[in-house]
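Written below as structure tokens is the structure these notes are about.
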Amino acid sequence: MLDLKLVREHTEQVRAAIRRRGAELDLREFLALDEKRRSTQQELEALRRKRNEVSEEIGRLKKAGKPAEDKVAEMRAEGDAITALENAGRETEEAQRNILLMIPNLPHASVPDGKDEADNVEIRRWSPQGGELPKFSFEPKPHWDIAAYLDIIDFDRAAKITGARFALYKGMGARLERALINFMLDLHTTEHGYLEVLPPFMVNRDSMITTGNLPKFEEDLFKVENGAYYLIPTAEVPVTNIFRDEVLPEESLPVLYTAYTPCFRREAGSYGKDTRGLIRQHQFNKVELVKFAKPEDSYDELEKLTRNAEEALRRLGLAYRVIALCAGDLGFSAAKTYDIEVWLPAQNKYREISSCSNFEDFQARRGNIRYKPKGGKKTEFLHTLNGSGLAVGRAVVAILENFQQPDGSVVIPEVLRPYMGGAERIVRRASRVESLKS
RNA sequence: GGAGAGGUGGCCGAGUGGUUGAAGGCGGCAGACUCGAAAUCUGUUGUGGGGGUAACUCCACCGGGGGUUCAAAUCCCUCCCUCUCCGCCA
């Protein structure tokens with residue numbers, strides 16, 4: 001949420017910043033409501049002041065045993081006027097807030113111009129081959145073929161159990177997923193200074209509003225039918241909301257949290273996209289990094305957070321590149337975002353495996369998350385950041401595709417072996433229940 | 001699911017419907033005392049919003065929302081949360 005005063009007093013700058021995103025902002029209604037709200041408030045306060053004064057006088061008169069009937073009668077009428085104004089004021093305020101909640105964040109000055117992903121800017125790339133893409137002596141297979149051969153992921157039976165876009169992991173597949181989660185959590189907690197948290201996987205509406213998932217993107221979310229809860233689309237939501245409506249002491253910043261959670265997304269509007277395999281699922285696992293930082297530090301923290309996520313890929317030996325999203329490709333709440341894309345040889349392209357963003361005070365304002373500067377008297381909104389560290393399902397995809405062997409087996413990255421009972425590769429099991437379509 | 005108790009300032013805790021933004025205590029801050037510290041004493045100490053160059057002033061806020069009343073922390077309704085007992089349950 002943008003600062004009300006900023007929108008009111010620097011309307012043109014706000015409009016120009018939103019235009020960089022490729023959106024046109026009509027603020028006429030907003031500004032009209034703002035004026036109405038403020039005049040109503042002043043009128044209301046004058047009436048309330050009068051009521052306070054007269055009521056006090058009535059109290060004094062009664063105490064002195066004097067009659068106060070005429071004053072009481074006078075105020076009786078005023079009361080209705082106050083109630084009417086209160087209602088009007090509330091409505092105006094709510095209408096104005098609803099508009100404000102629908103306005104996206106302003107892109108940071110360092111965000112490149114552009115209208116869609118084609119205009120994103122590559123920042124750097126890395127691979128275990130010193131920047132070169134990995135080479136194969138054979139045609140690399142897509143991960144769903146590898147997984148089927150190894151019988152480690154069963155999409156057909158997952159579809160029977162639940163529906164499309166779900167996966168049933170089996171054997172070393174399930175173990176690989178679990179190994180990745182543990183590896184990443186251990187990396188971020190023991191080497192990068194994050195505290196592990198395990199939050200609820202369902203949240204209330206207020207939490208979704210804080211992060212910007214509501215009110216605008218309800219169609220992306222699963223809502224629990226019996227109750228007002230939503231399944232989280234990312235750990236960003238519950239973890240960012242840990243400090244909703246709180247004031248943190250400056251000394252505690254930055255606060256660094258990492259969380260493993262499953263993530264649930266409707267993927268509305270993505271029909272036909274990535275229909276095969278693990279890339280796009282309604283439920284997937286992710287290890288998330290979340291930071292609460294002082295405003296002056298937040299961009300340094302974004303660089304560090306991105307590096308922390310990259311480190312997981314480096315240790316796994318997976319080629320990747322980092323791109324800066326252009327203004328037009330930026331998510332609703334973000335002021336700046338780096339995407340980390342991992343190389344997938346079967347698709348012959350880089351695919352997003354992490355998205356690292358600085359939200360500045362956009363989420364903090366929506367969730368009323370503040371800090372108290374040491375010298376200063378006033379509490380201020382802090383900055384929130386987060387990034388995937390990493391998307392686990394997509395890491396499985398990358399491992400299967402990058403480390404597949406001519407014989408159909410898959411070599412397990414060394415850093416994961418301690419988490420997989422020392423196994424060095426995933427091979428086809430001798431004893432299997434055949435797949436549905438064989 | 002049933003029965004009960006409770007939610008007040010950073011924390012603890014009081015509060016007959018009428019100078020209560022809220023006693024008292026703790027904590028914090030400033031000052032005095034001290035070479036310094038502790039102890040002690042004095043003062044000060046919530047948030048948000050409106051108006052004013054400023055001194056200052058006004059409005060709101062005692063879990064959320066609604067109501068009764070000239071006037072609500074105090075009465076009523078409702079929702080949320082916490083705790084205790086019983087039942088059920090991983």
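Chain letters run A, B, ... following the sequence lines, proteins first and then strands; every chain starts at 1. When reading the values below, keep in mind they use all heavy atoms of this one structure, side chains included, and skip hydrogens, waters and symmetry mates.
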Exercise. Touch check for A/Glu56, heavy atoms < 4.0 angstrom, all strands: base, sugar-phosphate only, or nothing?
Worked result: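 A/Glu56: no heavy atom of the nucleic acid under 4.0 Å.
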For this session: Would you indicate what A/Arg51 reaches in the nucleic acid, counting non-hydrogen atoms under 4.0 angstrom: base, sugar-phosphate, or nothing?
Result: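 It contacts sugar-phosphate atoms only.
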[N] to [M] separation - [atom1] atoms, rounded to the nearest Å:
N      : M      : atom1 : value
B/rU82 : B/rU40 : P     : 39 Å
B/rU20 : B/rC62 : C1'   : 10 Å
B/rG63 : B/rU74 : C1'   : 16 Å
B/rA60 : B/rG66 : P     : 15 Å
B/rG10 : B/rU19 : P     : 23 Å
B/rG17 : B/rA71 : C1'   : 8 Å
B/rA14 : B/rC75 : P     : 15 Å
B/rG48 : B/rA37 : C1'   : 40 Å

Whole-Å distance between [N] [atom2] and [X] [atom1]?
X        : N      : atom1 : atom2 : value
A/Glu35  : B/rG50 : CD    : C1'   : 15 Å
A/Phe243 : B/rG10 : CZ    : P     : 17 Å
A/Asp3   : B/rG48 : CG    : P     : 13 Å
A/Ile82  : B/rG67 : CD1   : P     : 13 Å
A/Asp245 : B/rG10 : CG    : P     : 13 Å
A/Leu47  : B/rC70 : CG    : C1'   : 14 Å
A/Glu74  : B/rA71 : CD    : C1'   : 14 Å
A/Glu93  : B/rA60 : CD    : P     : 14 Å

Taking any strand in view, what nucleotide pairs with [N] in a Watson-Crick or G-U wobble way, both distances under 3.5 Å?
N      : value
B/rA54 : none
B/rA90 : none
B/rC11 : B/rG25
B/rA32 : B/rU40
B/rC75 : B/rG67
B/rC61 : B/rG46
B/rG6  : B/rC81

[options]: which one has an atom nearest the side-chain heavy atoms of [X]?
X        : options                : answer
A/Arg49  : B/rC59, B/rC70, B/rG51 : B/rC59
A/Arg370 : B/rG48, B/rG49, B/rG18 : B/rG48
A/Lys372 : B/rU47, B/rG49, B/rA71 : B/rU47
A/Val72  : B/rC59, B/rU47, B/rC70 : B/rC70

Problem set entry | Sub-6.0 Å ring centroid separation between A/Tyr299 and A/His383 |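 Centroid distance A/Tyr299-A/His383: not below 6.0 Å, so no.
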Exercise. Does a salt bridge link A/Arg315 with A/Glu191, judged by any charged N lying under 4.0 Å from a carboxylate O?
Worked result: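 Judged by the 4.0 Å cut-off on N to carboxylate O distance, A/Arg315 and A/Glu191 do form a salt bridge.
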For this session: Output yes when at least one side-chain N/O atom of A/Thr379 is less than 4.0 Å from OP1 or OP2 of B/rG48, else no.
Result: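 True: A/Thr379 side-chain N/O within range (under 4.0 Å) of B/rG48 OP1/OP2.
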For this session: Taking only the side-chain nitrogens and oxygens of A/Asn52, find out if one of them lies under 4.0 Å from OP1 or OP2 of B/rA71.
Result: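 Checking B/rA71 against A/Asn52, no side-chain N or O comes under 4.0 Å of OP1 or OP2.
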Exercise. Does the side chain of A/Lys291 pick up a donor-acceptor pair with the side chain of A/Thr384 at under 3.5 Å?
Worked result: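 Short answer, no.
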Exercise. Just checking, is any N or O donor in the side chain of A/Ser409 or A/Arg425 under 3.5 Å from an acceptor N or O on the other one?
Worked result: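 Yes - a donor-acceptor pair under 3.5 Å links their side chains.
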Exercise. Got more than 12 heavy atoms from elsewhere within 6.0 Å of CD, A/Glu74?
Worked result: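 Yes, enclosed.
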Problem set entry | Of A/Arg37 and A/Arg90, the one whose closest RNA chain B nucleotide lies more 5' |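 By nearest-heavy-atom nucleotide position, the 5'-most residue is A/Arg37.
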For this session: Please figure out whether A/Arg76 or A/Asn87 has its closest RNA chain B nucleotide nearer the 5' end.
Result: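 The residue whose closest nucleotide sits nearer the 5' end is A/Asn87.
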Exercise. Is the A/His188 ring parallel, tilted or perpendicular to the A/Tyr194 ring (thresholds 30°, 60°)?
Worked result: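 The rings of A/His188 and A/Tyr194 stand perpendicular, inter-plane angle above 60°.
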Exercise. For A/Ala309 and A/Leu289, which heavy atoms make the closest approach, and how far apart are they?
Worked result: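 Taking every non-hydrogen atom into account, N-CD1, 4.3 Å.
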